[in-house]
Amino acid sequence: MSVAAAFRYGESMVSADAPAWARTMAEAHMSPLGRRWTHVQQVARRAEELGAVVGDDLPVLVEAAYLHDIGYAPALAKTGFHPLDGARYLRRRGHERLARLVAHHTGARVEAQLRGFDDYLDEFPYQDSPLDRALTYCDLTTGPSGQPMTVRQRVDEICERYGPDHTVSRACRACLADFERDGAEIERRLANA
Ligand SMILES: [Fe+2]
């Protein structure tokens with residue numbers, strides 16, 4: 001079965017091996033990280049359900065889901081800002097499209113601004129594409145141990161875990177309205193599929 005056939009529009013399941021390289025890459029870096037690896041695998045499973053939202057780009061979404069937190073891997077964590085470290089790693093490996101998705105998952109552009117990465121958008125232009133929004137939705141509806149959550153619950157969880165003044169919390173709160181608007185649109189499309 002070809003990759004395209006395996007990921008036909010609307011299918012709820014994908015072939016086990018289509019995003020295998022991304023899973024393998026993610027597992028190599030993240031399996032020692034315990035529950036973060038559990039979270040990543042559940043984000044990828046959530047992504048597999050979004051064929052009705054992203055159509056033929058579903059394989060890219062699943063790959064990005066596996067790789068979105070790879071910048072947390074100690075071997076790759078150079079700046080300490082995981083979307084940037086992950087995106088730079090993927091760019092070095094030649095995965096430009098995935099690098100841009102990873103660089104901008106879950107409001108990272110806002111957190112980059114708060115952290116003083118002034119050239120962030122020059123280094124990784126933001127597309128604000130359906131794939132960007134779908135990846136963020138998958139991340140925000142999957143808890144830190146892989147449990148399903150609403151977008152609001154997830155942002156509350158992040159703010160509680162990091163503390164209200166942390167840059168992660170401030171960025172998530174700043175993006176909450178966009179997160180909820182985009183999440184509602186994705187869920188509307190899923191319901192109508
Ligand atoms: Fe995540």
Side-chain angles (χ1 to χ4, degrees), residues 19 22-50 53-54 58 60-90 95 97-112 114-115 120 124 126 128-163 166-176 178-180 182-183 186-187:
R23 181 188 164 88
T24 300
M25 179 186 280
E27 185 171 21
H29 287 282
M30 304 207 67
S31 58
L33 300 184
R35 77 172 187 160
R36 205 176 287 284
W37 173 229
T38 303
H39 161 81
V40 162
Q41 291 175 88
Q42 292 301 323
V43 173
R45 291 201 180 96
R46 189 79 182 105
E48 289 170 356
E49 300 169 353
L50 265 59
V53 175
V54 298
L58 186 59
V60 182
L61 178 62
V62 176
E63 290 167 357
Y66 272 122
L67 296 166
H68 78 280
D69 277 346
I70 199 167
Y72 280 119
L76 307 183
K78 307 299 184 192
T79 70
F81 183 40
H82 81 277
L84 177 58
D85 290 332
R88 284 178 171 170
Y89 173 71
L90 292 169
H95 303 295
R97 192 178 186 191
L98 290 170
R100 293 185 184 202
L101 288 167
V102 168
H104 289 294
H105 78 274
T106 313
R109 70 191 182 285
V110 175
E111 189 180 339
L114 292 173
R115 286 175 176 263
Y120 199 69
F124 291 100
Y126 181 47
D128 195 17
S129 68
L131 274 176
D132 285 295
R133 295 190 287 274
L135 178 60
T136 292
Y137 174 78
C138 293
D139 193 22
L140 285 174
T141 53
T142 306
S145 299
Q147 70 274 40
M149 305 183 89
T150 67
V151 169
R152 175 62 68 107
Q153 287 171 337
R154 180 78 157 109
V155 169
D156 287 348
E157 177 276 321
I158 288 168
C159 291
E160 187 174 328
R161 180 157 45 97
Y162 284 90
H166 195 283
T167 51
V168 174
S169 305
R170 291 164 60 204
C172 280
R173 279 200 308 274
C175 295
L176 179 58
D178 288 347
F179 290 159
E180 291 198 303
D182 295 342
I186 286 170
E187 288 173 359

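Every value quoted in this text rests on a predicted model; they were computed, and no experiment measured them. Both counts, for ligands and for their atoms, begin at 1 and track the order of listing.
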Candidate pair Thr38 and Ser145, rule side-chain contact (heavy atoms from CB on, under 4.5 Å), full reasoning: CA-CA 6 Å; Thr38 303; Ser145 299; 5.6 Å; no
Parallel, tilted or perpendicular: ring planes of His82 versus Tyr72, cut at 30 and 60 degrees: parallel
Asp128: which of Arg100, Arg109, Arg133 passes salt bridge (charged side-chain N to carboxylate O under 4.0 Å, His left out): Arg133
Geometric class of the Tyr120/Phe81 ring pair [parallel <30°, tilted 30-60°, perpendicular >60°]: tilted
Cut-off under 2.8 Å, centre the Fe ion (ligand 1), protein N/O/S atoms: His39 NE2, His68 NE2, Asp69 OD2, Asp139 OD1
Parallel, tilted or perpendicular, as decided by the 30° and 60° cut-offs, for the rings of His29 and Tyr89: perpendicular
Donor + acceptor pair across side chains of Thr136, Asp139 (<3.5 Å): no
